[in-house]
Amino acid sequence: QLQLVESGGGLVQPGGSLRLSCAASGSTGDYHAIGWFRQAPGKEREGVSCIDLSSNNTSYSGPVKGRFTISRDNAKNTVYLQMNSLKPEDTAIYYCAAAYYCSGNVARMNLWGKGTLVTVSS
């Protein structure tokens with residue numbers, strides 16, 4: 001029943017900020033984690049950040065730690081990814097995904113959104 005829809009992507013200059021949203025419709029059920037992943041042209045999809053919906057514990061990959069912040073709004077059933085100090089290498093399609101627990105492993109994520117494109121360029 002759960003569906004995930006990403007939004008908020010677009011074109012931003014290096015050093016700029018962007019806020020992505022992952023809106024969930026339906027109950028999360030047994031999915032206790034929402035993660036953000038990204039896939040740049042010619043590269044494999046990689047984990048960016050994850051939030052545990054039970055504990056609110058968060059995790060970040062090395063390249064984004066200190067620049068990105070994951071959060072959630074339970075009332076809106078939405079998870080956000082605030083991206084600051086963006087770099088050209090952050091350019092990618094960003095996906096949110098649901099899983100039973102947080103993991104940076106693409107294979108462990110069970111339900112995916114369709115993605116939103118983030119382009120960082122001057």
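The first residue of the sequence shown is numbered 1, and numbering continues consecutively from there.
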Going by side chain to side chain contact (heavy atoms under 4.5 Å, CB included), T119 matches just one of D90, L11, V12. Which one? L11
Closest heavy-atom contact between [X] and [Y]?
{"X": "L2", "Y": "A24", "value": "CD1-CB, 3.7 Å"}
{"X": "S54", "Y": "H32", "value": "OG-ND1, 3.8 Å"}
{"X": "P41", "Y": "T91", "value": "CD-O, 4.3 Å"}
{"X": "S103", "Y": "F37", "value": "O-CZ, 3.5 Å"}
{"X": "C102", "Y": "D52", "value": "SG-N, 3.7 Å"}

Around atom CG of D30, are there more than 12 heavy atoms from other residues, nucleotides or ligands closer than 6.0 Å? no
So with a 6.0 Å cut-off around CD of E44, is the heavy-atom count from everything else above 12? no
Under 3.5 Å, is there a donor-acceptor pair linking the side chains of N77 and R72? no
Going by atom types only, do R108 and Y101 share a side-chain donor-acceptor pair under 3.5 Å? yes
Heavy-atom distance under 4.5 Å between the side chains of [X] and [Y], does that happen here?
{"X": "P14", "Y": "V120", "value": "yes"}
{"X": "S17", "Y": "Q82", "value": "yes"}
{"X": "Y94", "Y": "M83", "value": "yes"}
{"X": "V79", "Y": "I51", "value": "yes"}
{"X": "N84", "Y": "F68", "value": "no"}
{"X": "T116", "Y": "I93", "value": "no"}

Cluster check V64, I34: I/L/V/M/F/W/Y, side chain < 4.5 angstrom: yes
Hydrophobic clustering (ILVMFWY, side-chain heavy atoms < 4.5 Å, transitive) - are L111 and M109 grouped together? no
Centroid-centroid under 6.0 Å between Y100 and Y31 rings: yes
Donor-acceptor pair, S21 side chain versus A23 backbone, under 3.5 Å? no
Assess the residue pair Y60 and R67 against the criterion (side chain to side chain contact (heavy atoms under 4.5 Å, CB included)); give the C-alpha distance rounded to whole Å, side-chain angles, the decisive distance to 0.1 Å, and a yes or no. CA-CA 10 Å; Y60 302 90; R67 298 189 296 122; over 6 Å; no
Nearest 0.5 Å, what's the OG-CD distance between S122 and Q13? 7.0 Å
Which class fits the ring pair W112 and Y95: parallel under 30°, tilted 30 to 60°, perpendicular over 60°? perpendicular
Return the set of residues passing side-chain contact (heavy atoms from CB on, under 4.5 Å) with K76 (not counting sequence neighbours), or none when no residue passes. D73, T78, Y80
Show, in sequence, the C-alpha distance, side-chain angles and deciding distance for C22 and W36, and conclude whether the side chain to side chain contact (heavy atoms under 4.5 Å, CB included) test is met. CA-CA 9 Å; C22 176; W36 283 98; 3.6 Å; yes
R19 and L81: side chain to side chain contact (heavy atoms under 4.5 Å, CB included), yes or no, with the steps? CA-CA 6 Å; R19 189 189 194 189; L81 184 67; over 6 Å; no
Between E46 and R38, does at least one N-O distance fall below 4.0 Å, as a salt bridge requires? yes
